[in-house]
There are 2 protein chains.
Amino acid sequence: MTAAQPLLDSCSGSPTQECGHSHGATGCDDCKVRSFSVCGALELSELEGLDAISQVRHFPAKTMLFDQGALAGSVFNVTNGIVRLYKSLPDGRRQIVGFALPGDFLGLALSDRYGVTAEAVTAVKVCRFSRSAFVAFVEGRPHLLRRLHEFAGHELSLAQDQMLLLGRRTAEERVVAFLLNLQARHARIGAASVTVPVLMSRQDIADYLGLTIETVSRTLTKLAREKVLIIVPDGVRLLNKERLERIAPA
Amino acid sequence: MTAAQPLLDSCSGSPTQECGHSHGATGCDDCKVRSFSVCGALELSELEGLDAISQVRHFPAKTMLFDQGALAGSVFNVTNGIVRLYKSLPDGRRQIVGFALPGDFLGLALSDRYGVTAEAVTAVKVCRFSRSAFVAFVEGRPHLLRRLHEFAGHELSLAQDQMLLLGRRTAEERVVAFLLNLQARHARIGAASVTVPVLMSRQDIADYLGLTIETVSRTLTKLAREKVLIIVPDGVRLLNKERLERIAPA
DNA sequence: CGACTGATTGAACCAGCTCAACTCATGTGG
DNA sequence: CCACATGAGTTGAGCTGGTTCAATCAGTCG
């Protein structure tokens with residue numbers, strides 16, 4: 001893992017950042033993720049207010065959005081790309097607790113410190129909000145708070161599924177569950193396909209599934225040998241979904 | 001594991017249930033967990049309204065409060081005892097995703113189905129609310145919703161810690177982290193002590209830590225042999241907390 | 001007392017890890 | 001255009017932490 005640099009709260013004129021507010025064509029009006037993101041709870045009339053406190057920001061692949069333990073100055077809505085969220089131990093062991101896809105919100109808890117580190121897996125585009133401005137915006141809009149709470153409840157449920165996976169599933173079950181999951185998530189954001197894009201590295205997958213890179217690789221190879229999937233550049237083609245679903249039940 | 005029977009939504013006159021509303025001496029006024037439970041967000045004037053929709057209920061050890069996947073008719077505030085929350089696989093493998101102690105809220109997500117199964121580890125006392133009544137009560141009290149959201153954020157953070165534990169920690173680290181955690185939680189609810197009550201079975205601990213009962217037992221024995229703790233009936237006495245904290249780092 | 005349940009201990013095993021070699025792109029600069 | 005470094009992924013071979021299977025122990029209840 002190369003070190004990821006924080007790019008937050010600096011408007012140093014880097015070509016990867018747009019610091020102006022994003023009204024008009026780049027605003028919420030034509031946002032592709034709005035309907036299934038937290039913003040979907042807002043009336044059109046309220047969107048303007050949200051727009052006013054949001055900034056569009058770009059993070060190149062492998063750069064850090066924020067670091068575990070740091071003061072949570074911002075919250076984010078991912079609009080493009082993939083973000084990995086992880087915790088690590090002092091000796092370097094790492095556990096990825098989730099991948100954020102377009103429509104996902106970072107900083108749901110609205111707590112004053114980040115509980116995880118967030119890094120761009122691919123180039124990433126986000127709507128950034130200062131946390132204080134966002135909290136103020138939520139204040140007096142209980143329907144938005146309710147939506148945030150629904151999202152948090154969903155996250156919690158996913159986390160519990162992942163605990164079951166990490167605590168009790170075999171390597172093969174983990175890999176298959178991961179791929180099916182990824183496919184379902186891509187479908188939900190309007191990219192349904194038997195070919196699932198897998199843009200994160202084997203190391204990322206391993207750190208997400210509590211395995212080693214070798215075990216992930218061997219398991220994928222085995223599944224390919226058994227013709228339930230084909231490994232393609234930057235993805236996987238799921239040939240036998242029924243069989244996959246039998247491998248990774250409930 | 002013996003089968004646990006659901007005891008919900010039936011007021012059949014069982015001696016373990018109190019079906020009347022609990023005003024007066026048994027109400028919120030003198031509730032020992034109020035300050036650190038979700039109810040702590042309410043004004044004294046609002047407590048009456050909450051009291052009016054709450055029922056005190058008792059669950060004997062090993063009985064089920066609710067089942068994963070069932071319609072969520074009720075939400076609960078635990079006031080006494082310990083509840084295990086778990087998910088299981090069709091073949092019987094089980095992952096306990098958390099233990100609820102007094103002050104903990106069950107059904108935080110307010111979703112329409114329970115995501116986990118809840119069973120009493122010890123005899124348990126709860127405040128029960130019908131979910132619809134509780135949701136209606138929350139409606140129009142954004143400070144309570146905010147409190148629920150804070151609790152959910154905290155739960156999410158704990159879940160992420162547990163993912164790190166399950167995915168990347170060794171057996172010894174898991175057991176030690178569990179004991180330190182339990183001690184800290186007991187301290188927070190006003191029962192700080194070097195002797196930590198461990199009222200759940202070895203099987204429960206194993207299913208929480210993603211280990212087998214034998215590994216939990218061996219690990220505890222080893223720690224006792226090394227004099228960092230003593231195993232006592234229904235608990236553990238932590239002798240060398242510094243050393244324990246070195247075993248299970250942040 | 002005997003029966004039962006939960007916990008401990010021992011011994012053999014194995015799923016996944018470690019260590020190491022190799023492949024295959026992609027990039028770089030002479 | 002080739003030589004060669006670099007980094008991600010794959011594959012092999014051996015090892016080991018934790019599991020599995022099995023026996024024993026220790027309370028507790030009837």
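A note on names: the letters A, B, ... follow the listed sequences, proteins ahead of strands, and every chain is numbered from 1.
Ile205(A) has its CD1 atom 9 Å from the P atom of dT10(D), to the nearest Å. Nucleotide dG18(D) holds its C1' atom 15 Å from the CG atom of Leu211(A), rounded to whole Å. Going from atom CD1 of Ile213(B) over to atom P of dG10(C) covers 17 Å, rounded to whole Å. A straight line from CD of Glu172(A) to C1' of dC14(C) spans 16 Å, rounded to a whole angstrom. dG17(D) atom P lies 19 Å from atom CG of Leu209(B), rounded to whole Å. Residue Met200(B) contributes atom CE, which lies 15 Å from atom P of dG6(C) at whole-angstrom precision. In this structure, the CD atom of Glu214(A) is 13 Å from the C1' atom of dG14(D), given to the nearest Å. Taking atom CG of Asp234(B) as the reference point, atom P of dT28(D) lies 9 Å away to the nearest angstrom.
The pair Glu172(B)-Lys222(B) meets the salt-bridge criterion, since a charged nitrogen lies less than 4.0 angstrom from a carboxylate oxygen. Classification of Asp207(A) and Arg84(A) as a salt-bridged pair fails, no side-chain N sitting under 4.0 Å from a carboxylate O.
With DNA chain D read from its 5' end, the first of the two nearest nucleotides for Arg168(A) and Arg225(A) is the one closest to Arg225(A).
Centroid-to-centroid, the aromatic rings of Phe105(B) and Phe76(B) stay 6.0 Å apart or farther.
Arg218(B) contributes a side-chain N or O that forms a donor-acceptor pair with the base of dT20(D) under 3.5 Å.
Comparing dT11(D), dT9(C), dG18(D) by their closest approach to the side chain of Thr215(B) singles out dG18(D). Of the candidate nucleotides dT8(C), dT11(D), dT19(D), dT11(D) has the atom nearest to the side chain of Ser217(A). Listed nucleotides: dG6(C), dT8(C), dG16(C). Nearest to the side chain of Ile231(B): dT8(C). Comparing dT9(C), dA8(D), dT11(D) by their nearest atom to the side chain of Thr221(B) picks out dT9(C). Distances from the side chain of Arg202(A) to the nucleotides dT9(C), dA7(C), dG9(D) place dG9(D) closest.
At a threshold of 4.5 Å between non-hydrogen side-chain atoms, the residues Leu229(B) and Leu179(B) count as touching. The shortest side-chain heavy-atom distance between Leu209(B) and Leu165(B) falls under the 4.5 Å cut-off.
Look at Ser201(A) and you won't find any side-chain N or O under 4.0 angstrom from OP1 or OP2 of dA8(D).
Contact annotation for Leu220(B): no contact, since no heavy-atom pair falls under 4.0 Å across all strands.
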